[in-house]
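First comes the structure, then the notes that go with it.
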Amino acid sequence: MVVANKYEMVCGLEVHVELQTKTKIFCGCTTEFGGEQNTHVCPVCLGMPGALPVLNREVVNYAIKAGLALNCEIAEFSKFDRKNYFYPDLSKNYQTSQFDLPICGKGGLEIEVDGEKKWIGITRAHMEEDAGKLVHSGETITTSNASSVDYNRAGVPLLEIVSEPDMRSIPEVLAYLEKLVQILEYTEVSDCRMEQGSVRFDINVSLRPIGSTDLGIRTETKNLNSFSSVRRCMEYEVARQARVLDAGEKVVQETRTWDEGQGVTLTLRSKEEAHDYRYFPEPDLAPLVIDREWVEGIRKTLPELPDARRARLQELGLSAYDAGVITQSKALSDYFDAALSHYGDAKTLANWVMGDVTRLLNSNQCGVVDSPISATQLAELLGLIEKGTISGKIAKSVLEEMYSTSKDASTIVKEKGLAQISDEGALLGIIDEVIAKNPQSVEDYRAGKDRAIGFLVGQIMKATKGQANPGLVNKLLKEKLA
Amino acid sequence: MLSISREDVEYVAALARLELTEQETQEYTEQLNSILGYAAMLERLDTNDVVPTAHAVPLHNVLREDQVRPSINHEKALRNAPDGEEGFFRVPKISLT
């Protein structure tokens, strides 16, 4: 991406993702979101003197799983460290994190922007604890000089995934984030609910003159929690840095914060006040030795990942676009696959899933996981069209009925008498009637006006309330008029 | 050998939010240098074949199953807190911006 005609953007990202364990990383408190303040706490996550943390096995399992899905090396030896800072979002005055021996080493993922594929490297991923929440509300005399702290979130397990500074445009950044979140969602290590803060992004960005290979001075903007904020924040920050450079000044290396309301980034702290975290090994936690058997056991639990699924669907005849839409979320992709195991025509299935099924779900604000129409039921409906029992048009109304009643397609077809009329005898009777009533059209057709047959077919469909088998009607009618 | 300067002591004190008197700064500089000198004895040993120690106790993989255990209530959580209100801890207001 060229900025202000003369700069190239360089960006690397840190992504914090909450792992969806039942309990916190070092204690048995629940990780459930939204409890009453300070009710999901205990001496360990409150940092009481003498309390001893014990690592949650599932956190390690999830970290390994995410690491494998992101093509990372999994360390054979890993340990925790204390990151020291004074801020009351953690009560211990340090965060238990990993410094020099993270659980996941180098990896990466492939993105695609405007048809061009690019590999984005991942430097590392490490386990750490989330911090509590500070509430700065209340500007009355009694509360104006104090903040309230809720430690329910303190100790919730996080995986921090650090990328290489490989991204050169905002679309590349967004493609990387979307792909990363998609992979994490597929592996089910996180619920990835961005609106609840399950995924948070820190953006490191700098500009350099086009052609230069040195890195410019960067800023880090912390704690964004949606793709749209990332896009807006980057647009602002890149333009700001370009203005600074254009004015012949230097970008100040600093940590910034994104103000969503004003749409600007602001200085949080400059390098002069930068933290010296004085990391040192956490003496309360034993190190981890991860044997290859453990890693291979977890590799076996990896689901088919988005790229592989997309490729498989394209092999089945879906367009790249359709395969992309279906595999966007694991839930939709699983639904598609479940239906596919009962109905073989992938293209027709994709049209229904992306069309009518998605429309019904969206208009009822229903997730595909909670769909009142099961994948098997959808497959049965499509099977009825294939067999000629109902027409595609009737199937659409059957689908609506299935949505509101959760009944099987065949049940609805039977109850409502919607089965297509494919009985030649019955159809011939109706055809004779229609011919008798419309002598003009018959004459037109015989005079060479092919369009007249369309009118006659329409009349037959009308007479049968749309239930006549259209192919058969066409055939029989043409025979009659010949 | 490494040595600790006055500036090092002042820097570490600032990080730890400690306000030291002139005399204390002097005293700690000497003490820290003495401690470092003592630890420097290790340099006389051949440690080429020794793996760096991550933990003092020869343990690894001390893990817990992912099972919820009861948390404590507001009252207990806040019992030792200098200030609290409506189930929240209250701390001096800190603004980062």
Side-chain angles (χ1 to χ4, degrees), chain A residues 21-23 26-32 35-43 45-46 48 54-61 77 79 84 86-88 91 101 132 134-136 143-151 255 257 259 266-269 275-276 278 281-283 285-290, chain B residues 2 4-5 7-19 28 32 35-36 39 42 50-97:
Chain A
T21 52
K22 294 190 200 76
T23 66
F26 301 123
C27 64
C29 289
T30 178
T31 53
E32 209 174 295
E36 203 185 327
Q37 61 272 20
N38 293 309
T39 52
H40 300 166
V41 292
C42 75
C45 55
L46 287 175
M48 301 277 190
V54 185
L55 180 59
N56 183 344
R57 181 189 301 275
E58 200 70 348
V59 172
V60 184
N61 288 336
F77 184 87
K79 68 172 173 70
N84 299 281
F86 288 110
Y87 192 61
S91 57
L101 295 170
L134 264 69
V135 186
H136 306 284
T143 57
S144 61
N145 56 357
S147 296
S148 301
V149 197
D150 172 12
Y151 287 115
T255 304
T257 183
D259 185 317
L266 302 164
T267 298
L268 197 60
R269 53 177 182 261
H275 287 147
D276 177 342
R278 293 155 293 149
E282 167 60 84
L285 290 163
L288 278 170
V289 173
I290 302 163
Chain B
L2 269 170
I4 304 262
S5 68
E7 288 70 40
D8 291 332
V9 173
E10 282 162 2
Y11 177 67
V12 172
L15 286 175
R17 308 294 190 269
L18 292 174
E19 202 176 332
Y28 291 141
L32 287 167
I35 292 166
L36 216 62
L42 289 170
V50 180
V51 181
T53 307
H55 200 274
V57 184
L59 275 177
H60 59 81
N61 299 4
V62 179
L63 298 163
R64 169 178 68 75
E65 296 311 311
D66 187 23
Q67 277 160 9
V68 177
R69 294 177 60 174
S71 295
I72 58 176
N73 58 31
H74 281 154
E75 194 201 335
K76 274 190 177 166
L78 288 159
R79 188 171 292 163
N80 296 307
D83 195 6
E85 194 179 62
E86 292 169 354
F88 285 104
F89 290 86
R90 267 160 50 97
V91 297
K93 184 153 191 157
I94 293 162
S95 176
L96 285 178
T97 45

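These values consider heavy atoms only, across backbone and side chains, with no hydrogens, waters or symmetry-generated copies.
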Checklist entry - Between B/Asp83, B/Leu59, B/Asp66, B/Leu63, which has the largest tally of heavy atom pairs under 4.5 Å with chain A? => result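 The residue among B/Asp83, B/Leu59, B/Asp66, B/Leu63 with the greatest pair count is B/Asp66.
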Checklist entry - A/Thr23 pairs by side-chain contact (heavy atoms from CB on, under 4.5 Å) with which of B/Glu65, B/Arg64, B/Arg69? => result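 Passing option: B/Arg64.
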Checklist entry - Below 4.0 angstrom, N of the basic side chain to O of the carboxylate: do A/Glu282 and A/Lys79 qualify? => result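 No salt bridge links A/Glu282 with A/Lys79.
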Using non-hydrogen atoms only, which part of [X] is less than 4.5 Å away from chain B: side chain, backbone, both, or neither?
| X | answer |
| --- | --- |
| A/Tyr151 | side chain |
| A/Leu55 | both |
| A/Cys27 | backbone |
| A/Leu285 | backbone |
| A/Val59 | neither |

Checklist entry - Any chance CZ of A/Arg278 has more than 12 other-residue heavy atoms, nucleotides or ligands included, within less than 6.0 Å? => result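 For A/Arg278, atom CZ is crowded (more than 12 foreign heavy atoms under 6.0 Å).
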Checklist entry - A/Ser147 and A/Leu134: which non-hydrogen atoms are nearest, and at how many Å? => result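 That would be CB-CD2, 4.4 Å.
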Next on the checklist: Quick check: closest heavy atoms across B/Arg90 and A/Ser148, and the distance to 0.1 Å?
Outcome noted: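 Nearest pair, atom of B/Arg90 first, then A/Ser148: CG-OG, 4.1 Å.
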Checklist entry - What residue in A/Cys29, A/Pro287, A/Ser91 has the most heavy-atom pairs under 4.5 Å with chain B? => result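 Result: the option with the highest number of such pairs is A/Pro287.
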Item to check | Donor-acceptor contact present, side-chain B/His74 to main-chain A/Gln37, <3.5 Å | outcome: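 Indeed, once roles are kept as given, a pair shorter than 3.5 Å links the two residues.
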Checklist entry - Do any N or O atoms from the side chain of B/Arg17 and from the backbone of B/Leu15 form a donor-acceptor pair under 3.5 angstrom? => result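 Yes, B/Arg17 side chain to B/Leu15 backbone: donor-acceptor pair under 3.5 Å.
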Item to check | Side chain / backbone / both / neither for B/Ala54 at chain A, heavy atoms under 4.5 Å | outcome: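 Both backbone and side chain of B/Ala54 come within 4.5 Å of chain A.
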Item to check | Side chain, backbone, both or neither of B/Val57 within contact of chain A (heavy atoms, under 4.5 Å) | outcome: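 Neither part.
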